[in-house]
There are 2 protein chains.
Amino acid sequence: MNPTIKDVAKKANVSIATVSRVLNNLPGYSDRTKAKVYRAIEEIGYQPNAIARGLINKRTQTIGVMFPTVSSLFSSEILRGVEDFAQDNGYSVVVCNTDSDGKRTLKYLQVLREKQVDGLIFSSEVLKDEYYKTLQQMQIPYVLVSTECQYDNVPYVKVDDFQAAYDAVEYLIRYGHRKIALLSGTKHDTIAGIPRIEGYKKALEQHGIPVNESYIAYGDFLFETGCKAMEELLTHAPDLTAIFAASDEMAIAAISVAAKHGIKVPDELSIIGYDDLKLARMSVPPLTTVRQPLYEMGNLSCQKLIRMIQTEEPESSMIMDHSIIERQTVRPFGS
Amino acid sequence: MNPTIKDVAKKANVSIATVSRVLNNLPGYSDRTKAKVYRAIEEIGYQPNAIARGLINKRTQTIGVMFPTVSSLFSSEILRGVEDFAQDNGYSVVVCNTDSDGKRTLKYLQVLREKQVDGLIFSSEVLKDEYYKTLQQMQIPYVLVSTECQYDNVPYVKVDDFQAAYDAVEYLIRYGHRKIALLSGTKHDTIAGIPRIEGYKKALEQHGIPVNESYIAYGDFLFETGCKAMEELLTHAPDLTAIFAASDEMAIAAISVAAKHGIKVPDELSIIGYDDLKLARMSVPPLTTVRQPLYEMGNLSCQKLIRMIQTEEPESSMIMDHSIIERQTVRPFGS
DNA sequence: CTGAAAGCGCTTACAG
DNA sequence: CTGAAAGCGCTTACAG
């Protein structure tokens, strides 16, 4: 049995109330008592029981974080941002891998509720109505990261996807490209899919370049589908000179497929990605891409969450700055 | 206020003991009572409080997992394996990012202890004596993954690093290579560093190839140092025809640097990596590498941990099978 | 089959 | 400055 507050009280010859006071730095005891208590704690190796504390305080100092896949470079970078802030502020984080599965997500929400987490971070997925409903029932604060929603009491932290896509494509245009293809993410994804498609189209239109649907191929942001989509592009739009990929993985896929076809990047084909994962530095050639500050996004969303937990005040949403990281996959057209 | 067991007792007109019994599927009530209780639970939307349960049961259904860096492809794949098994068996997992920092690790151990986790998984790092000491004090089971230690009451799950390195190098030799360099991990790392160096040396010796220290360059398993080490190799051992890299990231670094120098992989230089991260499929050309089954390692270590928690019996360690995944970075010498 | 009561390890008024 | 007591939301003997 681990020693309890009772044991230290007995050892120090005081009441448990007094022990509790010195443990919590509350006022109301002499220096001598304090010393006695600390000595007793030391001697018997006492550690407070956070569960008992949690029961009475109605605070567990624990938050939950939900990801579609924890094992992606994308999610795990956000996770690290969350974890760092949480740890520095005395919170623990329990991770939940939803596999983008509704049932699993709901089950998790249930578990987190029973475990009395103080708050929740929800990442990278659409906040379905049923999630929203249970979340509201749970009566705990939560924040969205790398996603957003229409309810305005729930803050989100993300990049402006439309604008970021627009900027990427405009960057390509500024370099003289006009035959620009889009390696798109999921077609009906309202968060990361549609806005990036719209940004792509808008940039072309603004520069008087007609949108050609055969210059758009769809994947699911991951490498495998990126390869397939890239193959399509190469057959349907063989004259393209540049590609905007809606994720770094798809951009890397484009590089791979191009290599397989003997197409030189960036000499014959320019490619710009999206995310700036660690991956981007490692490709050959290193990938030019739109950076999302994932660590910072995780960090800030955790900060907002903890603030909401502690103040019980609402927090506002935050659009993070994106930027274009120039590496070596884009080259002026015709040079 | 969330409804408690008291509220449902009142609503159902029974005692809280009875509610507790039906909630826990214990014997001792009529079907009619059971129905009444369930109806009450339904009506008031009752959810059990796991914290109160944990206090009395001395079980929190929570485990801790410690990684040097959660955000690496390596750690996060293990994490997913752990998380999957935990979730399927009713456990939650709290993640800890130690940054390989002793103070931070100790602080975490403290927190996990106070939060009364039922067990712990410790990943990828040497289990220092002070960690071992606190862990023993905590009196909870724990298992090591992707690392090992000399205490034989603590089970580990890992690959045979020496053998895996040996096999990788022998694979290169079988393909006719004799000028084989090693892109090593940290020199004094007793887990992933030394055994792989020894495996490399042993394979050479077994095949009558003298070990030449200028064919060995050191990094820390990551991309950046991999690039540096590769540059060294190229200046000190310009005649090498093959490289065994102690991690996929370093292998990718070798590919990048080779490309920069106009050296063709695999035509002029063969490279074999170590890990088989998702990364390995994405390089150009796709990386031949030694596979560690990271997901399975995480999964199994979690299974062992939960079994230890539930049975209070010791578990044995497990050496996982490695294998060579042939992709396109190795070619017979001279072909 | 069912309930009253003790207790898990704490915190927090309340009283002195 | 200090302690006795109630209570957080449960589970579990014990008694009937």
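By convention in this document, chain letters (A, B, ...) are assigned in the order of the sequence lines, proteins followed by strands, and residues within each chain are numbered from 1.
- Remark: A:R53 is in phosphate contact with C:dT11, judged by side-chain N or O atoms under 4.0 Å from OP1 or OP2.
- In this structure, B:N49 does not reach the D:dC8 phosphate: none of its side-chain N or O atoms is under 4.0 Å from OP1 or OP2.
- Heavy atoms of B:T4 sit under 4.0 angstrom from primed sugar atoms or phosphate atoms, though from no base atom.
- Panel note: side chain A:S20, backbone A:I16; no donor-acceptor pair is recorded below 3.5 Å.
- For A:I51 against B:G54, the heavy-atom pair with the smallest separation is CG2-C, 4.1 Å.
- Minimum interatomic distance between A:P3 and A:Y46 (heavy atoms only, all atoms of both residues): O-CD1, 3.4 Å.
- At C:dT2, one or more side-chain N or O atoms of B:S30 fall inside 4.0 Å of OP1 or OP2 (strictly under the cut-off).
- OP1 and OP2 of D:dT12 both lie 4.0 Å or more from every side-chain N or O belonging to B:S20.
- Checking A:I16 against A:Y29, the closest nucleotide of DNA chain D that is more toward the 5' end is the one next to A:Y29.
- Following rounding to the nearest Å, A:R21 (CZ) and C:dC14 (C1') show an atom-to-atom distance of 10 Å.
- At the phosphate of D:dT2, neither OP1 nor OP2 sits under 4.0 Å from any side-chain N or O atom of A:T18.
- Rounding to whole angstrom units, CG of residue B:N13 and P of C:dT2 are separated by 12 Å.
- Among the atoms of the strands shown, only primed sugar atoms or phosphate atoms (P, OP1, OP2) are found under 4.0 Å from some heavy atom of A:Q47.
- The 5' end of DNA chain C is approached more closely, in terms of each residue's nearest nucleotide, by B:K34 than by the other of B:L55 and B:K34.
- In this structure, A:D161 and A:I191 approach most closely via the heavy-atom pair CG-O, 3.9 Å.
- Note: NZ (A:K58) to C1' (C:dT11) measures 12 Å, nearest angstrom.
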